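Protein chains get the first letters and strands the later ones, always in sequence-line order, with residue 1 at the start of each. What you see is a predicted model; the values in this text were computed from it and never measured.
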Amino acid sequence: MLKIATYNINGIRSRSSALLEWLRREAPDIVCLQELKAPDPAFPADAIREAGYGAIWHGQVSWNGVAILAKGMDPIESRRGLPGDKGDTQSRYIEAAAHGVLVGCLYLPNGNPQPGPKFDYKLAWFERLIAYAAGLHDSGHPVVLAGDFNVVPTDEDIYNPKSWLKDALLQPESRECYRWLLAQGWVDAVRARYPQERIYTFWDYFRQHWQKNSGLRIDHLLLNPQLAPRLRDAGVDRWVRGEPHASDHAPVWIELDMSAKKKAASRGRAAAKA
DNA sequence: ATGCCTTCTAAAAGAAGA
């Protein structure tokens with residue numbers, strides 16, 4: 001099984017030991033990280049390499065920052081930065097090939113407060129993502145789009161929408177963008193695996209929301225048609241959120257069966273017998 | 001309507017997160 005995870009780490013420097021412990025215990029094959037909150041030279045590449053992972057990263061002072069890790073290999077970078085706005089200097093997208101899949105790692109703008117310029121930027125960024133993702137979807141390659149989308153897709157993805165109704169994460173425009181993206185044919189892997197369950201990936205630091213399990217599902221892994229049939233399992237590593245000094249997000253993961261198709265495999269066995 | 005809590009920056013409070 002190929003295990004792919006996404007984790008908004010909320011500061012790579014203050015969370016590097018947590019990252020290493022999680023890598024050691026869960027051993028994902030590919031990891032997408034968001035919110036490094038550090039410039040490129042501060043990325044703990046040596047410690048990550050000692051843990052058995054190659055990495056590429058696109059940092060930024062104070063905010064944003066994304067990275068892709070791959071177990072036992074260096075990810076082959078195919079893009080950094082989303083196309084469509086050369087004036088956009090925020091580090092929010094990085095993409096690489098690793099272990100036979102193409103991985104887009106994204107950190108979609110939060111968009112608060114709304115309305116306002118930050119919300120406009122969120123929607124504009126989302127529209128650029130939708131435009132670019134169409135090509136990825138149709139590329140014929142196995143592609144996963146993973147990251148912090150900063151969208152609560154439906155009211156089933158939050159403990160109680162009432163106190164978040166004015167938040168950028170729940171706005172109809174944000175949700176509409178997410179639906180438009182899925183309408184290209186992407187499969188929301190966690191929701192596909194658990195159609196009915198209440199699943200959260202983020203619990204804010206306020207009001208003991210973690211202790212009360214008052215969470216939101218905003219970190220997603222989307223699969224294109226080459227990968228969706230291979231989905232076998234998905235989950236959230238909630239134990240990471242319960243550790244001392246944890247990020248406000250927990251890692252989200254999927255497992256894909258990347259073995260050859262059954263028809264091809266049976267043909268292979270038949271050929272071997274003959 | 002705002003703060004709640006946390007990180008980062010930078011040296012004290014402020015911005016940003018979601």
### Query
Checking all strands, does A/His249 fall into the base, sugar-phosphate, or nothing category for heavy-atom contacts under 4.0 angstrom?
sugar-phosphate
### Task
Validate the cation-pi geometry between A/Arg175 and A/Trp180: distance from NZ or CZ to the six-membered ring centre under 6.0 Å, angle to the ring axis within 45°.
no
### Query
Using a cut-off of 4.0 Å on non-hydrogen atoms, how would the nucleic acid contact of A/Gln208 be classed: base, sugar-phosphate, or nothing?
nothing
### Message
Could you tell me how far B/dT7 sits from B/dT2 if I compare only their P atoms? Round to whole Å.
### Response
25 Å
### Summary
By nearest-heavy-atom nucleotide on DNA chain B, the more 5' of A/Asn150 and A/Phe206 is A/Phe206
### Query
Whole Å only: how far is the CG atom of A/Leu169 from the P atom of B/dG17?
11 Å
### Query
Hey, does the side chain of A/Arg191 reach the backbone of A/Glu197 with a donor-acceptor pair shorter than 3.5 angstrom?
yes
### C1'-based separation of B/dT6 from B/dA18 [nearest Å]
12 Å
#### Entry: Contacting residues from residues 159-167 of chain A, given that a heavy atom lies under 4.0 angstrom of DNA chain B
A/Lys166
### Message
Rounding to an integer number of Å, can you tell me how far A/Arg92 CZ sits from B/dG17 C1'?
### Response
10 Å
### Message
Ring-plane angle category for A/Trp164 and A/Phe202, please: parallel below 30°, perpendicular beyond 60°, tilted otherwise.
### Response
perpendicular
### Query
A/Glu35 has an atom CD; how far is it from atom C1' of B/dA18, in whole Å?
9 Å
### Summary
Result for 5'-nearest mapping on DNA chain B, choosing between A/Arg207 and A/Phe202, is A/Arg207
### Query
Touch check for A/Asp219, heavy atoms < 4.0 angstrom, all strands: base, sugar-phosphate only, or nothing?
nothing
Would you tabulate the pairs of protein nitrogen or oxygen atoms and nucleotide nitrogen or oxygen atoms of nucleotides 8-10 of chain B closer than 3.5 angstrom?
| unit_1 | atom_1 | unit_2 | atom_2 | d |
| --- | --- | --- | --- | --- |
| B/dT9 | OP1 | A/Ser62 | N | 3.1 |
| B/dT9 | OP2 | A/Arg13 | NH2 | 2.9 |

### Message
Run the side-chain contact (heavy atoms from CB on, under 4.5 Å) test against A/Asn110 and tell me which residues pass, sequence neighbours left out.
### Response
A/Asn112, A/Asn150, A/Leu169
### Query
Is it true that the NZ or CZ of A/Arg79 lies under 6.0 Å from the centre of A/Tyr132's six-membered ring and within 45 degrees of the ring axis?
yes
### Query
Between A/Arg230 and A/Met258, which heavy-atom pair has the shortest distance, and what is it?
CD-SD, 3.5 Å
### Query
With rounding to whole Å, what would you report as the distance between B/dC4 and B/dG14 at their P atoms?
13 Å
### Identified side-chain hydrogen bond (donor to acceptor under 3.5 Å, both in side chains) partner of A/Arg217 from the options A/Asp157, A/Thr154, A/Thr201
A/Asp157
### Query
Taking the C1' atom of each, how far is B/dA16 from B/dA10, in whole Å?
16 Å
### Message
Students often get this wrong, so: under 4.0 angstrom with heavy atoms, is A/Tyr107 touching a base, only sugar-phosphate, or nothing?
### Response
sugar-phosphate
### Message
For the backbone of A/Asn8 and the side chain of A/Tyr107, can you confirm whether one donor and one acceptor N or O come within less than 3.5 Å of each other?
### Response
no
### Query
Looking at A/Arg15, does any N or O in its side chain come under 4.0 Å of the phosphate oxygens OP1/OP2 on B/dT7?
yes
#### Entry: Whole-Å C1' distance, B/dG17 and B/dG3
14 Å
### Task
Please state whether the rings of A/Tyr178 and A/Phe149 are parallel, tilted or perpendicular, taking 30° and 60° as the class boundaries.
perpendicular
### Message
Considering every strand and a 4.0 Å limit on heavy-atom distances, what is the contact class for A/Asn64: base, sugar-phosphate, or nothing?
### Response
nothing
### Message
Nearest whole Å is fine: how far is B/dG17 P from A/Leu108 CG?
### Response
12 Å
### Message
Rounded to whole Å, please give me the gap between CG in A/Asn110 and P in B/dA15.
### Response
16 Å
### Summary
A/Asp204 atom CG is separated from B/dC4 atom P, nearest whole Å, by 13 Å
### Task
Find the distance A/Ile218:CD1 to B/dG17:C1' and express it as a whole number of Å.
10 Å
### Message
Quick check: is A/Val236 connected to A/Tyr205 through a chain of hydrophobic side chains (ILVMFWY, heavy atoms under 4.5 Å apart)?
### Response
no
### Query
A/Asn112 side chain N/O closer than 4.0 Å to the phosphate oxygens (OP1, OP2) of B/dA18?
no
### Message
Distance check, rounded to the nearest 0.5 Å: A/Ile94 atom CD1 versus A/Arg92 atom CZ?
### Response
14.5 Å
### Query
For A/Tyr121 and B/dA16, what is the distance between atoms OH and P respectively, to the nearest whole Å?
13 Å
